[in-house]
Amino acid sequence: MLEERLGLVPLSTGELFRQEISRRSALGRRVSRYVTQGLLVPDALVVTVMTSRLTQARLRRGMVLDGFPRTIGQAQGLDRFLERRRRPLDAAVYLACSSAVLIRRLGGRQVCRACGAIYHVRNMPPKRRGLCDRCGGALVVRQDDRAATIRKRLEVDRGQARPLLDYYARKRRLHQLNGNGSSEQVLTRAMGLFQRQGWVKA
Ligand code: AMP
């Protein structure tokens, strides 16, 4: 949605890893066991992969990094990289959400096997059951969206979040938004933040 509204280039580590796993590439084979168990991929590997994807052209247009950085080590790696390119981070946006909401969202999520489009059985159902609106591909449940793995992922993320929030708060880059509610509500809050900061016109 931010890509459509603001032309920012999205880059999601989770999405990238899932693509590499389904392509059975060397990187996919290295990260697969972490992703399927809901564990974090080691920092050095994540930073290397992400920084190789952050090309100068993409940085000029502006990017939204989704799911990255997840640890202090990754945040430091990203900062070092961006400082060298004189494009320091504008903001770290934390979407604060209750565990109950996260469990409902992840538990009902379906993704298109072909194009990666995301749906939700109740919040954002496809027009035809089990089929992607965009490309007609089959919708599947992500392996790490199964109940036991969801619990593990939330536990891991909650443990990492606090130190990361402190890191960006100290750098005066942290913005917290209420992440509960519909995707439209969350987008409205994000656009409000961007306008208040003067990053986009009202
Ligand atoms: P996500 O789609 O963001 O929920 O990520 C799915 C899975 O990919 C996570 O549970 C991790 O196994 C892995 N992953 C994604 N982003 C990162 C990251 N920044 N650091 C380490 N592992 C990650």
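Order of listing sets the numbers, starting from 1, for every ligand and every atom in it.
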Salt-bridged, [X] to [Y], with N to O below 4.0 Å?
{"X": "D43", "Y": "R70", "value": "no"}
{"X": "D166", "Y": "R162", "value": "yes"}
{"X": "D79", "Y": "K171", "value": "yes"}

Selected option - heavy-atom contact closest to atom 5 (O) of ligand 1, from Q37, R153, E15, R70
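Heavy atom nearest to atom 5 (O) of ligand 1 belongs to R70.
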
Suppose we measure from [atom] to each protein heavy atom; which comes out shortest, and what is that distance?
{"atom": "atom 23 (C) of ligand 1", "value": "F17 CE1, 3.8 Å"}
{"atom": "atom 8 (O) of ligand 1", "value": "V35 CG2, 3.7 Å"}
{"atom": "atom 20 (N) of ligand 1", "value": "Q74 NE2, 2.9 Å"}
{"atom": "atom 16 (N) of ligand 1", "value": "T13 OG1, 2.8 Å"}

Answer with yes or no whether R142 contacts ligand 1, where contact means a heavy atom under 4.0 Å from a ligand atom.
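So R142 counts as touching ligand 1.
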
Sub-4.0 Å heavy-atom approach of M50 to ligand 1:
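Under 4.0 Å: no for M50.
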
Take a 6.0 Å sphere around CZ of R30 and say whether it holds more than 12 heavy atoms from other residues, nucleotides or ligands.
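For R30, atom CZ is not crowded (no more than 12 foreign heavy atoms under 6.0 Å).
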
Over 12 foreign heavy atoms within 6.0 Å of CD, Q197:
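Yes, the 6.0 Å shell around CD holds more than 12 heavy atoms from other groups.
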
What are the two closest non-hydrogen atoms of G179 and R105, and how far apart are they?
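Nearest heavy atoms, G179 then R105: O-NH2, 2.7 Å.
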
On a heavy-atom basis, which atom in P126 and which in R129 lie closest, and how many Å separate them?
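In terms of heavy atoms, the two residues are closest at CG-CA, 4.4 Å.
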
Distance-only N or O hit between ligand 1 and [X], under 3.5 Å:
{"X": "L39", "value": "yes"}
{"X": "R109", "value": "no"}
{"X": "S12", "value": "no"}
{"X": "G67", "value": "yes"}

With a cut-off of 4.0 Å, which atoms of ligand 1 are near a heavy atom of [X]?
{"X": "Y34", "result": "12 (O)"}
{"X": "L40", "result": "21 (C), 22 (N)"}
{"X": "R18", "result": "2 (O), 6 (C)"}
{"X": "V41", "result": "21 (C), 22 (N)"}

Test item: side-chain donor near acceptor, [X] and [Y], under 3.5 Å:
{"X": "S25", "Y": "E20", "value": "yes"}
{"X": "Y34", "Y": "D144", "value": "no"}
{"X": "R158", "Y": "S99", "value": "yes"}

